[in-house]
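Scope of the values below: all heavy atoms of this structure, side chains included, with no hydrogens, waters or symmetry mates. For reference, positions follow the sequence shown, starting with 1.
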Amino acid sequence: MQHNFDEIIPRRGTNSYKWDSATTPGVLPMWVADMDFRTAPAVTEALKRRVEHGIFGYVRVPDAYYNATINWFKRRHDWRIEKEWIIYTSGVVPALSAIIKALTSPGDKVLVQTPVYNCFFSSIRNNGCEIVSNPLIYKNETYRIDFDDLEKKAADSKVKLLLLCNPHNPVGRVWNREELIRIGEICLRNHVTVVADEIHCELVFPEYTYTPFASISQEFLMNSVTCISPSKAFNLAGVQIANIVSADTYVRKKIDKAININEVCDVNPFGVEALIAAYNEGEEWLEELKRYLFDNYNYLRSFFAEHLPELPVTKLEGTYLVWVDCSALKRTSEDIVTSLLEQGKLWLNEGSMYGDTGEGFVHINIACPRQVLTEGLERFRQWKNGNY
């Protein structure tokens with residue numbers, strides 16, 4: 001079945017966070033990490049059936065929910081998850097916050113690999129912990145891990161956790177098995193627990209393979225906690241559903257307690273039905289989506305190479321978020337994004353929101369119909385050339 005990812009779907013009047021919070025008339029938003037595509041038809045049909053039931057009270061999460069999750073990760077990623085390892089919650093960010101609360105005490109330190117997803121910073125600070133950065137090394141339009149620095153910083157006895165982003169937002173790396181093994185060995189040696197945010201795990205492009213960190217070995221499984229959700233791959237952020245996976249009974253009990261303290265222990269019936277439908281019936285749609293996104297990425301690279309060659313595009317291995325080096329413009333990321341919004345009516349994310357090492361970059365969301373992407377890139381080019 002062919003799905004029409006070229007369809008342009010008006011958002012006005014839908015209270016969309018991505019669109020309606022813009023204050024500039026006519027702005028084209030290509031910023032926050034959700035997609036301008038309808039979700040998989042199987043998900044829509046499942047939600048319609050749930051609406052027709054007409055009763056939207058509290059929900060008991062059924063075995064079908066756990067089975068769908070377990071079967072999906074076994075089938076697609078050869079990761080065997082047990083039902084009792086799964087704790088459901090409303091989203092990956094609440095999950096991260098609860099995990100940090102459960103596994104640290106105020107004053108402890110948490111490692112992050114910057115530039116990195118901005119909510120990592122707030123989740124750490126909100127739990128009274130200190131951020132320790134292991135900056136990624138940028139070279140030849142891609143990033144690699146500074147393992148010497150990671151080893152040094154993990155050796156600090158106050159460092160309790162490493163927040164691992166895989167695939168990595170914003171730099172687009174899909175960490176390979178060898179890199180993950182080196183990370184895991186360093187953390188084991190230094191008694192640092194790995195908290196893996198793997199929300200973008202399904203959005204991996206050809207030639208690259210997502211490896212669940214916890215699937216590599218029994219030691220890594222027991223020294224890690226993993227956060228997963230269908231929200232990025234199936235455009236379901238608004239239904240608010242995610243899972244925490246922890247094989248360690250003691251750790252899981254602590255996280256479950258923190259989930260309840262943070263009051264994010266209940267999920268809504270639509271999230272449950274959406275996950276089941278996505279994981280049981282959405283695979284064909286997802287594979288078509290990935291091909292479309294990869295074509296969008298190649299189109300963007302060609303556009304920049306032809307019209308904006310002084311602004312290198314970072315190699316994108318996974319996610320639908322493109323990281324562009326704008327240091328040649330000699331302006332701050334915030335200034336670039338503000339000017340683009342005000343003059344070019346194009347809304348992007350500034351690189352500095354992902355940490356100091358993101359300064360000079362911008363983030364472009366390519367999960368949109370090609371016509372929208374073309375318009376956005378043309379607005380960028382016109383802005384760069386001073387035509388506004």
Query raised in the report: To the nearest 0.5 Å, what is the distance between CD (Glu378) and CZ (Arg381)?
Result: 4.0 Å
Query raised in the report: Would you call the rings of Tyr292 and Phe5 parallel, tilted or perpendicular if under 30° counts as parallel and over 60° as perpendicular?
Result: tilted
**Report entry** Verdict with supporting geometry, Arg182 and Glu179, salt bridge (Lys or Arg N to Asp or Glu O under 4.0 Å)
**Finding:** CA-CA 5 Å; Arg182 291 188 69 181; Glu179 290 168 318; over 6 Å; no
Query raised in the report: Could you state the interatomic distance from CD1 (Ile99) to CD1 (Ile255), rounded to the nearest 0.5 Å?
Result: 5.0 Å
Report task. Determine the interplanar angle of the Phe380 and Trp383 rings, folded into 0 to 90°, and report it as parallel if under 30°, tilted if 30 to 60°, perpendicular if over 60°. Result -> perpendicular
**Report entry** Glu52/Arg49 salt bridge by N-O under 4.0 Å criterion
**Finding:** no
Query raised in the report: Which pair of non-hydrogen atoms, one from Pro230 and one from Tyr279, has the smallest distance, and what is that distance?
Result: N-OH, 3.5 Å
**Report entry** Rounded distance [0.5 Å steps], CZ in Phe220 versus OG1 in Thr226
**Finding:** 12.0 Å
Requested in this report: Inspect the surroundings of CD in Glu207 and state if more than 12 heavy atoms from other residues, nucleotides or ligands are less than 6.0 Å away.
Outcome: no
Query raised in the report: Looking just at side-chain N and O atoms, do Thr357 and Tyr138 make a donor-acceptor pair shorter than 3.5 Å?
Result: no
Requested in this report: State the CD-CD distance between Glu219 and Glu185, to the nearest 0.5 angstrom.
Outcome: 10.0 Å
Query raised in the report: Which of parallel (below 30°), tilted (30 to 60°) and perpendicular (above 60°) describes Phe205 and Tyr297?
Result: parallel
Query - Within the 6.0 Å centroid threshold, strictly below: Phe213 and Trp175 - result: no
Report task. Before accepting this row, confirm whether a basic side-chain N of the pair Glu310/Lys384 lies closer than 4.0 Å to the acidic partner's carboxylate O. Result -> yes
**Report entry** Side-chain donor-acceptor contact under 3.5 Å, Asp146 with Gln113
**Finding:** no
Report summary line: Which of Lys290, Lys232, Arg76 passes salt bridge (charged side-chain N to carboxylate O under 4.0 Å, His left out) with Glu202? Answer is Arg76
Report summary line: On a heavy-atom basis, the closest approach of His3 and Glu288 is N-OE1, 2.9 Å
Query raised in the report: Heavy-atom count around Asn260 CG within 6.0 Å, excluding the residue itself: above 12?
Result: yes
**Report entry** Pair Tyr320 + Phe37: ring centers closer than 6.0 Å
**Finding:** no
Query raised in the report: Do other residues, nucleotides or ligands put more than 12 heavy atoms under 6.0 Å from the CZ atom of Arg189?
Result: yes
Query - Ala233 versus Leu289, closest heavy-atom pair with distance - result: O-CD2, 3.3 Å
Query raised in the report: With a cut-off of under 6.0 Å to the ring centre and 45° to the axis, is Arg60 in cation-pi contact with Tyr65?
Result: no
Query - Separation of Ser246 OG from Glu84 CD (nearest 0.5 Å) - result: 11.0 Å
Requested in this report: Apply the side-chain contact (heavy atoms from CB on, under 4.5 Å) test between Ile131 and each candidate in Val116, Thr114, Leu163, Val112; give the one that qualifies.
Outcome: Val112
Requested in this report: Fit a plane to each ring of Trp285 and Phe234, take the angle between them on a 0 to 90° scale, and name the class: parallel (under 30°), tilted (30 to 60°) or perpendicular (over 60°).
Outcome: parallel
Query raised in the report: If you group Ile, Leu, Val, Met, Phe, Trp and Tyr by side-chain heavy-atom gaps below 4.5 Å, do Met222 and Leu180 land in one group?
Result: no
Query raised in the report: Looking only at side chains, do Trp323 and Tyr354 share a donor and an acceptor under 3.5 Å apart?
Result: no
**Report entry** Contact summary for Lys83 and Ile70, nearest pair of heavy atoms
**Finding:** N-CD1, 3.7 Å
Query raised in the report: Do the rings of Phe73 and His77 sit parallel, tilted or perpendicular, given the 30° and 60° boundaries?
Result: tilted
Query raised in the report: Under 6.0 Å from the CD atom of Glu7, do we count more than 12 heavy atoms belonging to anything else shown?
Result: yes
**Report entry** Glu375 side chain to Gln371 side chain, donor-acceptor N/O pair below 3.5 angstrom
**Finding:** no
